[in-house]
Amino acid sequence: MNLGDMFKQAREMQSRLSDVQESLKNASVTGESGAGLVKVTLSGRYEALKVEIDPLAAEEERAVQEDLIAAAFNDAVRRVEAMQKERMSDLAQGFGLPPGFNLPGSLQ
């Protein structure tokens with residue numbers, strides 16, 4: 001591969017990375033706890049978009065509610081991280097990069 005081809009591939013990778021970052025930013029993921037009693041929806045940039053509390057959870061004492069909200073938020077964070085990792089891995093594999101290769105500019 002000559003130098004021109006390498007630069008062309010680098011530009012293409014940068015463009016596709018930008019596309020993936022934009023799709024992650026616009027994606028949303030919902031985490032839950034208490035068998036769905038509490039749900040937290042985050043954007044791909046970890047911004048809280050929505051919190052849903054089932055009326056059954058509202059009957060619980062405050063400490064239980066707080067634990068359920070924290071657990072749902074943490075579940076949503078893990079799901080955002082998994083989504084980011086999957087999309088970045090797909091991008092890296094599309095360019096023949098080895099598994100686990102960290103692309104610069106991820107949203108993490």
Side-chain angles (χ1 to χ4, degrees):
M1 176 182 291
N2 68 36
L3 190 58
D5 290 339
M6 287 174 50
F7 281 122
K8 181 180 176 185
Q9 186 176 15
R11 281 191 304 273
E12 182 181 340
M13 182 181 290
Q14 184 177 18
S15 173
R16 289 182 54 192
L17 177 59
S18 293
D19 292 344
V20 169
Q21 287 175 323
E22 188 65 24
S23 74
L24 285 169
K25 183 172 70 173
N26 295 321
S28 65
V29 174
T30 301
E32 60 180 62
S33 66
L37 289 177
V38 175
K39 297 178 183 178
V40 173
T41 302
L42 299 179
S43 74
R45 296 189 63 91
Y46 300 97
E47 296 167 336
L49 302 174
K50 186 177 187 181
V51 176
E52 298 174 70
I53 301 174
D54 187 282
L56 291 174
E59 295 173 6
E60 295 291 336
E61 62 184 65
R62 184 179 178 102
V64 173
Q65 291 175 359
E66 291 169 350
D67 289 344
L68 289 171
I69 292 167
F73 185 85
N74 291 334
D75 184 48
V77 166
R78 285 189 293 277
R79 290 173 190 240
V80 169
E81 289 171 345
M83 179 180 61
Q84 287 180 353
K85 184 177 180 180
E86 178 183 336
R87 292 193 184 175
M88 289 299 185
S89 176
D90 290 347
L91 177 63
Q93 287 178 356
F95 283 98
L97 299 173
F101 184 85
N102 291 327
L103 291 170
S106 70
L107 293 174
Q108 296 181 12

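Rounded to the nearest 0.5 angstrom, Lys8 NZ and Leu3 CG are separated by 14.0 Å. The CZ atom of Phe7 sits 12.0 Å away from atom CD of Gln14, with the distance rounded to the nearest 0.5 Å. Rounded to the nearest 0.5 angstrom, Glu22 CD and Leu17 CG are separated by 11.5 Å. The distance from atom CG of Asn74 to atom CD1 of Ile69, rounded to the nearest 0.5 Å, is 12.0 Å.
With a 4.5 Å cut-off on side-chain heavy atoms, Arg87 and Leu24 count as touching. A heavy-atom distance below 4.5 Å is found between the side chains of Ile53 and Val51. Using a 4.5 Å cut-off on side-chain heavy atoms (C-beta onward), Ser43 and Lys25 make no contact. Counting heavy atoms from C-beta on, the side chains of Val38 and Phe73 never come closer than 4.5 Å. Between Met88 and Val20 the shortest side-chain heavy-atom distance falls below 4.5 Å.
Hydrophobic cluster membership differs between Met83 and Leu49, with clusters built from Ile, Leu, Val, Met, Phe, Trp and Tyr side chains linked at under 4.5 angstrom.
Across every non-hydrogen atom of Ala72 and Val40, the tightest pair is CB-CG2, 3.7 Å. Contact record, Glu60 with Gln65: O-NE2, 3.1 Å, taken as the closest heavy-atom pair. Taking both residues in full, the closest heavy atoms of Val29 and Ala76 are given as CG1-O, 4.1 Å, listed atom of the first, atom of the second, then distance. Nearest heavy-atom pair, Leu68 versus Ser33, reported as atom, atom and distance to 0.1 Å: O-OG, 2.5 Å.
For Arg78, there are no salt bridge (charged side-chain N to carboxylate O under 4.0 Å, His left out) partners at least two apart in sequence or on another chain. Considering only residues two or more places apart in sequence or on other chains, Thr41 meets the side chain to side chain donor-acceptor pair (under 3.5 Å) condition with Thr30. Partners of Arg62 according to the side-chain contact (heavy atoms from CB on, under 4.5 Å) rule, which considers only residues two or more places apart in sequence or in another chain, are Glu66.
Residues Gln9 and Asp5 bring no donor and acceptor atom of their side chains to less than 3.5 Å of each other.
For the pair Asp75 (side chain) and Ala71 (backbone), a donor-acceptor distance under 3.5 Å is absent. Side-chain N or O atoms of Gln84 include one that pairs as donor or acceptor with a backbone N or O of Gly44 at under 3.5 Å. Ser15 places no side-chain N or O within 3.5 Å of a backbone atom of Arg11 that could act as its donor or acceptor partner.
In Glu12, the CD atom is crowded: over 12 heavy atoms of neighbouring residues, nucleotides or ligands sit closer than 6.0 Å.
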